[in-house]
Amino acid sequence: MSKRFLILQDGTVFSGEAFGAPATTFGEIVFYTGMTGYQEVITNPIYHNQFITFTTPTIGAAGINHRADESITPVVKGVIAREIAEVSTNRLQQMTLDAYLKRHNIPGVSKIDTRALARHLRKTGTQKASIVDEPDQHAFDQLSAMVLTTKQVQQVATPKAYANPGRGANVVVIDFGLKSGLLRVLSDFDANVTVLPATATIDEVANLDPDGLVLSSGPGAPQNVPDGILTLIRYYQERVPLFGVGLGHELFALANGAKLNKIPVERHGMNHPIREQITNRVIFATQGQGFGVDIASLAELPLLITHIDLTDNSVQGLRHRDFPAFSVQFFPDAAPGPLEATQVFAEFMEVVTMRKEGAV
């Protein structure tokens, strides 16, 4: 194995061994605290232009199985790990993690003290990073000069509408960089899904006669989403059941007057305890969060807090007081897990089915 280096914007250097592609890439670096699900994370569009640091000691033991992909093409900039498993006994494996990253020209660095790196990022917050052959001044100059794109949704979301057919309720999904897991769960309810791009208009949605509307997750800041989506949300939350996830949750909050704050240390993992306020039930859910709803801004708004994160009491779910519209910050699609968060999809589809049958 050849030596490669991870360099950070603040001048920190981590030395390790190369795997994956021999490319030099630039992006933001975050850390993921879940013990499993590395493939789902690497293929999740919310990690567009980001390096993923896995804090679990070893990844790669399950290989790559394309049934677990969350997108067709991964958009991460690099993978940072402590150890990469060289042997897998998983009967579903189609290729190794190393071969998969090489195929998609994504570099990786192993033999990194990922827990030390995570502690460092907890102090500094998300910052720019690069994987390089030599941590010289030229490499740091290039890193400093790098400008991160604000057009992340436009780069990962579908440019054209497409169907995910079913025989049940007619559900429209607005794609801001959706995970395949969202479509899989809707298919479990036999929903007849049409996916529209983030530039969809009120009329384009109306032409599909939806029984429900879903705002997908996606990368980047909600303020950078194409103009017009907040107006669309305000229009349809009064007319059909509406459900937002991740970035969709943040846009739902913005559309109803809430304020958002950038989180100093982003939350990425599948081990976050979330309390459902009305029942006091605690679930563990997957998170990929860089922005959060400002609780103080909700005081005079028609929004109820439905879920909170027990680690810091941050808002993880909202519901409109007057309309059948709600949202969650976490990912309830069980990809990579846990399964217990999928209940919110059942609640949404129950309201959608009632509307379809004329009960709402």
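The analysis underlying the following values was restricted to heavy atoms, covering all of them including side chains, and did not include hydrogens, waters or symmetry mates.
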Legend entry - Heavy-atom side-chain contact between K128 and F26 under 4.5 Å: no

Legend entry - Side-chain heavy-atom pair V185, F348 within 4.5 angstrom cut-off: no

Inset, instruction - Answer with yes or no whether the hydrophobic clustering places L178 together with L196; edges join I, L, V, M, F, W, Y residues whose side-chain heavy atoms lie under 4.5 Å apart. - result: no

Inset, instruction - Spell out, as yes or no, whether a donor-acceptor pair under 3.5 Å connects the side chain of S217 to the backbone of L247. - result: no

Legend entry - Rounded distance (nearest 0.5 Å) linking atom OG of S15 with atom CZ of R4: 11.5 Å

Legend entry - T201 backbone acceptor or donor facing E204 side chain under 3.5 Å: yes

Inset, instruction - For E40 and P336, indicate whether the former's side chain and the latter's backbone hold a donor-acceptor pair under 3.5 Å. - result: no

Inset, instruction - Could you check if a side-chain atom of I84 sits within less than 4.5 angstrom of a side-chain atom of V79, using non-hydrogen atoms only? - result: no

Legend entry - Nearest-0.5 Å distance, OG of residue S314 to NE2 of residue H307: 12.5 Å

Inset, instruction - Starting from the C-alpha separation in whole Å, work towards a yes-or-no answer on salt bridge (charged side-chain N to carboxylate O under 4.0 Å, His left out) for R355 and D211. - result: CA-CA 7 Å; R355 181 189 186 279; D211 298 308; 3.5 Å; yes

Inset, instruction - Using the rule that two of Ile, Leu, Val, Met, Phe, Trp, Tyr join whenever any of their side-chain heavy atoms come within less than 4.5 Å, decide whether F323 and L215 are in one cluster. - result: no

Inset, instruction - Go through N65 and Q94 one step at a time and tell me if the side chain to side chain contact (heavy atoms under 4.5 Å, CB included) criterion holds. - result: CA-CA 5 Å; N65 163 29; Q94 294 170 299; 3.7 Å; yes

Legend entry - Donor-acceptor pair, side chain of Y32 and main chain of Y38, under 3.5 angstrom: no

Legend entry - D190 side chain to R167 backbone, donor-acceptor under 3.5 Å: yes

Legend entry - Side-chain donor-acceptor pair present, S180, R67, cut-off under 3.5 Å: no

Inset, instruction - Quick one: pull up CG in D333 and OG1 in T286 and give me the separation to the nearest 0.5 Å. - result: 7.5 Å

Inset, instruction - Give a yes or no answer on whether the side chain of E266 reaches the backbone of V30 with a donor-acceptor pair at less than 3.5 Å. - result: no

Legend entry - Evaluation steps, side chain to side chain contact (heavy atoms under 4.5 Å, CB included), between L260 and V293: CA-CA 5 Å; L260 300 178; V293 174; 3.6 Å; yes

Inset, instruction - Identify whether I308 and L318 are in the same connected component of the hydrophobic contact network (ILVMFWY, side-chain heavy atoms under 4.5 Å). - result: yes

Inset, instruction - Check the hydrophobic clustering (I, L, V, M, F, W, Y; side-chain heavy atoms under 4.5 Å; chains of links allowed) and say if F19 and I106 are grouped together. - result: yes

Legend entry - Main-chain N/O of L208 paired with N170 side-chain donor or acceptor, under 3.5 Å: yes

Inset, instruction - Tell me yes or no: between the side chains of D309 and T311, is some donor less than 3.5 Å from an acceptor? - result: yes

Inset, instruction - Please check if V173 and I233 belong to a single hydrophobic cluster, counting links between Ile, Leu, Val, Met, Phe, Trp and Tyr side chain heavy atoms closer than 4.5 Å. - result: no

Inset, instruction - Side-chain contact test, heavy atoms from C-beta onward, threshold under 4.5 Å: evaluate it for P241 versus M349 and give yes or no. - result: no

Inset, instruction - Report the distance from atom CG of L242 to atom OH of Y235, rounding to the nearest 0.5 Å. - result: 13.5 Å

Inset, instruction - Compare all side-chain heavy atoms of D69 with those of Q39 and state whether any distance is below 4.5 angstrom. - result: yes

Legend entry - Sidechain-backbone polar pair: R234 side chain, A255 backbone, donor-acceptor under 3.5 Å: yes

Inset, instruction - Flag the pair F5 / F14 as yes when their ring centroid distance falls below 6.0 Å, and as no otherwise. - result: no

Legend entry - Donor on one side chain, acceptor on other, E28 and Q50, under 3.5 Å: yes

Inset, instruction - Please name the residue in the list V214, V205, V225 that meets the side-chain contact (heavy atoms from CB on, under 4.5 Å) test with I174. - result: V205

Legend entry - Chi angles and distances behind the side chain to side chain contact (heavy atoms under 4.5 Å, CB included) call for L251, F176: CA-CA 11 Å; L251 293 170; F176 303 111; 3.6 Å; yes

Inset, instruction - Look at the side chain of N90 and the backbone N and O of G63, then say whether any donor-acceptor pair between them is shorter than 3.5 Å. - result: no

Inset, instruction - Determine whether I283 and Q343 make a side-chain contact, defined as any pair of heavy atoms from C-beta on separated by less than 4.5 Å. - result: no

Legend entry - NZ on K151 to CG on N49, rounded to 0.5 Å: 14.0 Å

Inset, instruction - May I ask you to check whether over 12 heavy atoms, not counting those of Q137, lie within 6.0 Å of atom CD? - result: yes

Inset, instruction - Indicate yes or no: does K102 engage D98 in a salt bridge with an N to O separation below 4.0 Å. - result: yes

Inset, instruction - State, with a plain yes or no, whether a side-chain heavy atom of Q316 is found less than 4.5 Å away from one of H272. - result: no

Inset, instruction - Give a yes or no answer on whether the side chain of Q127 reaches the backbone of D10 with a donor-acceptor pair at less than 3.5 Å. - result: yes

Inset, instruction - Could you tell me how the ring of H268 sits relative to the ring of Y47: parallel (under 30°), tilted (30 to 60°) or perpendicular (over 60°)? - result: tilted

Legend entry - Side chains of Q277 and R275, donor plus acceptor under 3.5 Å: yes

Inset, instruction - Go through F345 and F243 one step at a time and tell me if the ring pair (Phe, Tyr, Trp, His ring centres under 6.0 Å) criterion holds. - result: CA-CA 9 Å; F345 274 105; F243 177 42; 5.4 Å; yes

Inset, instruction - Scan side-chain atoms only and decide if E250 and Q289 contain a donor-acceptor pair under the 3.5 Å cut-off. - result: no

Legend entry - CA sep, side-chain torsions, deciding dist, call: D113, R82, salt bridge (charged side-chain N to carboxylate O under 4.0 Å, His left out): CA-CA 6 Å; D113 187 343; R82 177 63 179 174; 5.2 Å; no

Legend entry - Straight-line distance of L254 CG to H249 NE2, nearest 0.5 Å: 9.5 Å

